[in-house]
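Scroll down for the structure; my scribbles are underneath it.
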Amino acid sequence: MKIDESTPKADGFRMPGEFEAQEGCIMIWPKRPGSWPFGAKEAGKAFAEIANTLVKTEKVYMLVDEETEQTARKWLSNQVELVKIDTDDAWARDVGPTFVTNGTEIRGINWSFNAWGGSYDGLYPHWEKDDKVAAAFCEQMGFPWYEAAPFVLEGGAIHSDGEGTVIVTEACLLSPGRNPELSQKEIEDRLKSYLGAEKVIWLPYGIWQDETNEHIDNVCAFVKPGEVVLAWTDEETDPQYAYSKADLEVLEKERDAKDRAFRVHKLLIPQQPVCIREEELEGFTFEEGEDRREAGERLAASYVNFYIGNGVVLVPQFGDNHDQKAVELLAELFPDRQVVPVAARQILLGGGNIHCITQQIPLGMDRV
C-alpha cells in the first residue's frame with residue numbers, strides 16, 4: 001500500500017542502524033552480461049554463498065525472473081525464498097526499498113533510480129525495471145511504502161546510526177546526475193524527512209574509481225552509534241590517501257545527532273590495487289551506451305563493503321595481504337557476531353561488493 005501525503009519522519013519512523021535486529025535480506029540473482037562475465041556463472045556462486053550463509057540466521061528473499069529462476073534454485077538453499085520480480089541488474093542495495101521503522105511496524109521507501117547518473121553519467125542505458133523494484137517488492141511482501149520519487153537516491157549512498165545521524169558523500173549526492181535542481185540543504189532536508197534523521201554528515205569522498213560517484217557504503221560505515229570504520233591507506237602516493245584523509249578530517253571535527261564525537265577505526269584497503277584482467281574482460285558483453293571496462297582498470301576494492309547480518313558479518317576478500325587484517329578488525333568490533341570471509345572478486349568485477357548486492361529488512365514486531 002502506497003502512503004500518500006506524508007513522510008516517515010512525520011509519521012514517527014526512522015531508518016535503523018544495520019547492526020540492529022533484522023527480519024531478513026533482499027538479493028537479486030545476477031545475469032546482466034555487461035556486469036557479470038561468462039554468463040554470471042562465477043558471480044552466481046558468490047551470490048549463493050552469501051545467501052546460503054545469511055539464511056541460517058535470517059530470511060533471504062532472492063529476486064528472480066523466468067530466465068534466472070531455475071539456476072538460482074539449483075544453487076540456493078531451499079530456505080531461500082524466490083520472489084518473481086523483473087530487474088535490469090542485481091544491485092539490491094540500490095534498487096530495493098530502504099526500510100524504516102517506528103519500533104513496531106516496518107515501511108519501505110521507493111527512491112527514484114537512474115543507474116547512478118541517468119543521461120549525465122549513468123552506467124547502463126536501460127534501468128526501467130530496476131526503478132520499479134522497490135515498490136513491487138513492498139507490494140508483494142505486504143509492506144506499506146512511501147513514494148520518494150522523483151528524488152534520486154540509492155541505498156548504497158546512505159548509512160544511518162539509527163539514532164538520528166546519517167552519513168553520505170558529497171561526491172555522490174551532489175553529482176549532476178542525481179538531483180541537480182536541488183541545493184545541498186534541500187537534499188539534506190529530504191534525507192532527514194525520509195530517514196527520520198536529525199543530522200547529516202557530509203564526507204567529501206568515497207573510494208577512488210568508484211563508478212557510483214563514490215557511495216558512502218564503500219568508504220565509511222557505522223559499527224554502532226558514534227563509531228565508524230573508514231577505508232584507509234598509509235601509502236601517501238595512492239590516490240585513496242587524499243580521499244580518506246579528507247574524510248577523516250571531517251569525522252574528527254564533527255559530532256553526531258546525540259552530540260557524540262566519532263570514534264574512527266581505520267580499515268585498510270587492499271595492499272595491492274585490484275585490477276581487471278584481460279581474460280576476465282573477454283567474458284563481458286556490453287550494450288551500446290553502457291559504461292565499458294578496460295583491461296588493467298583499477299576496481300574500487302574496499303573491505304568497508306561488508307554486510308551485517310543477525311549473527312554474522314560477511315566481509316569481502318581479494319586474495320590480498322590485508323584480507324586477514326580486515327577480518328581481525330571486524331571481529332574486534334563485532335564480538336557477538338561471526339565474521340565470515342567471502343571471496344568477492346567475482347562481485348567486484350560487476351562494480352560493487354557484498355553490501356551492494358544485499359538490502360536488509362529490519363525486524364518489526366508486527367511481523368515476528
Side-chain angles (χ1 to χ4, degrees), residues 15 18 25-32 34-36 43 47 50 61-63 83 85-100 108-118 120-138 145-160 166-169 171-175 177-179 187 190-191 194-195 206-207 210-221 290-291 299-300 302 304-308 316 344 347-361:
M15 181 183 176
E18 295 183 21
C25 174
I26 305 170
M27 298 181 67
I28 304 169
W29 193 260
K31 72 169 185 179
R32 207 178 71 82
S35 294
W36 314 107
F47 276 56
I50 291 166
Y61 302 94
M62 183 68 71
L63 275 54
V83 180
I85 294 177
D86 289 343
T87 64
D88 295 297
D89 208 342
W91 306 108
R93 175 68 49 179
D94 292 345
V95 305
T98 296
F99 290 98
V100 291
I109 303 171
N110 178 38
W111 314 103
S112 182
F113 177 77
N114 70 355
W116 311 277
Y120 180 78
D121 63 353
L123 297 182
Y124 47 80
H126 300 291
W127 57 82
E128 296 83 4
K129 294 176 183 176
D130 279 348
D131 191 34
K132 297 176 181 178
V133 168
F137 183 85
C138 288
W145 56 281
Y146 296 92
E147 179 61 85
F151 185 71
V152 177
L153 191 75
E154 307 92 36
I158 50 176
H159 262 314
S160 170
V166 171
I167 52 174
V168 300
T169 69
C172 178
L173 268 69
L174 302 184
S175 163
R178 298 303 199 287
N179 301 287
I187 293 171
R190 199 73 58 94
L191 294 176
Y194 279 93
L195 303 178
I207 291 292
D210 186 341
E211 59 192 11
T212 65
N213 302 114
E214 302 169 32
H215 271 178
I216 190 67
D217 73 345
N218 218 19
V219 73
C220 187
E290 182 174 358
D291 188 57
L299 302 172
S302 169
V304 174
N305 209 289
F306 55 80
Y307 180 82
I308 309 169
I347 308 172
L348 183 61
L349 288 175
N353 223 296
I354 297 173
H355 193 261
C356 304
I357 65 169
T358 50
Q359 174 63 280
Q360 75 281 350
I361 304 172

inquiry  = In terms of relative ring orientation, are Phe137 and Tyr61 parallel, tilted or perpendicular, with 30° and 60° separating the classes?
reply    = perpendicular
task = Kindly compute the distance separating CG (Asp130) from CD1 (Ile28), expressed to the nearest 0.5 Å.
result = 6.5 Å
ask   = Strictly by modelled atom types, are Asn179 and Arg190 linked by a side-chain donor-acceptor pair under 3.5 Å?
value = no
request  = Could you give me the CA-CA distance, side-chain angles and deciding distance for Tyr120 and Asn213, then say whether side chain to side chain donor-acceptor pair (under 3.5 Å) is met?
outcome  = CA-CA 12 Å; Tyr120 180 78; Asn213 302 114; over 6 Å; no
Inter-residue atom distance Thr87.OG1 - Glu128.CD, 0.5 Å rounding = 12.5 Å
ask   = Rounded to the nearest 0.5 Å, how far does OH of Tyr146 lie from SG of Cys138?
value = 11.5 Å
note = Rounding to 0.5 Å, atoms CG (Leu173) and CD (Glu214) come to a distance of 12.0 Å
inquiry  = Can a donor-acceptor pair be found, under 3.5 Å and without considering hydrogens, that links the side chain of Thr169 to the backbone of Cys172?
reply    = yes
ask   = Judged by atom type as modelled, is there a donor-acceptor pair below 3.5 Å linking the side chain of Arg93 to the main-chain atoms of Gly156?
value = no
message = Using 0.5 Å steps for rounding, measure from the CG atom of Asp210 to the CD1 atom of Ile216.
response = 10.5 Å
query = Hey, mind stepping through Ser175 and Asp121 against side chain to side chain contact (heavy atoms under 4.5 Å, CB included) and telling me if it holds?
reply = CA-CA 9 Å; Ser175 163; Asp121 63 353; 4.2 Å; yes
key: Polar side-chain atom of Asn305 near backbone of Pro316 as donor-acceptor pair, under 3.5 Å   = no
inquiry  = Can you tell me which residue among Tyr307, Trp29, Phe47 is in a side chain to side chain contact (heavy atoms under 4.5 Å, CB included) with Ile357?
reply    = Phe47
note = Shortest non-hydrogen pair, Ala157 vs Val168, comes out as O-CG1, 3.5 Å
query = Between Asp89 and Ser35, is there a donor-acceptor pair closer than 3.5 Å when you use the side chain of the first and the backbone of the second?
reply = no
request  = Let me see the working for Thr98 and Met15 under side chain to side chain contact (heavy atoms under 4.5 Å, CB included), right down to the final yes or no.
outcome  = CA-CA 8 Å; Thr98 296; Met15 181 183 176; 4.0 Å; yes
message = Determine whether His215 and His355 satisfy the following criterion, side chain to side chain contact (heavy atoms under 4.5 Å, CB included), listing intermediate values before the conclusion.
response = CA-CA 11 Å; His215 271 178; His355 193 261; over 6 Å; no
request  = Please report the closest heavy-atom contact between Ile109 and Tyr194, naming both atoms and the distance.
outcome  = CD1-O, 3.1 Å
ask   = Would you say Asn110's side chain and Glu147's backbone share a donor-acceptor pair under 3.5 angstrom?
value = no
message = Can a donor-acceptor pair be found, under 3.5 Å and without considering hydrogens, that links the side chain of Asp88 to the backbone of Lys129?
response = yes
note = d(Cys356 SG, Glu154 CD) to nearest 0.5 Å is 10.5 Å
query = So, do Trp145 and Phe99 have ring centers that fall under 6.0 Å from each other?
reply = no
query = Does the side chain of Val83 come within less than 4.5 Å of Ile26's, by heavy atoms?
reply = no
key: Taking every non-hydrogen atom, the tightest pair across Ser112 and Ala149   = CB-CB, 3.9 Å
message = Looking at Gln359 and Pro97, would you say the former's side chain and the latter's main chain have a donor-acceptor pair under 3.5 Å?
response = yes
message = Under a plain distance cut-off of 3.5 Å, with no hydrogens placed, do Trp111 and Asp94 share a side-chain donor-acceptor pair?
response = no
request  = Apply side chain to side chain contact (heavy atoms under 4.5 Å, CB included) to the pair Ile50 and Ile347, showing each step before the final yes or no.
outcome  = CA-CA 11 Å; Ile50 291 166; Ile347 308 172; 3.6 Å; yes
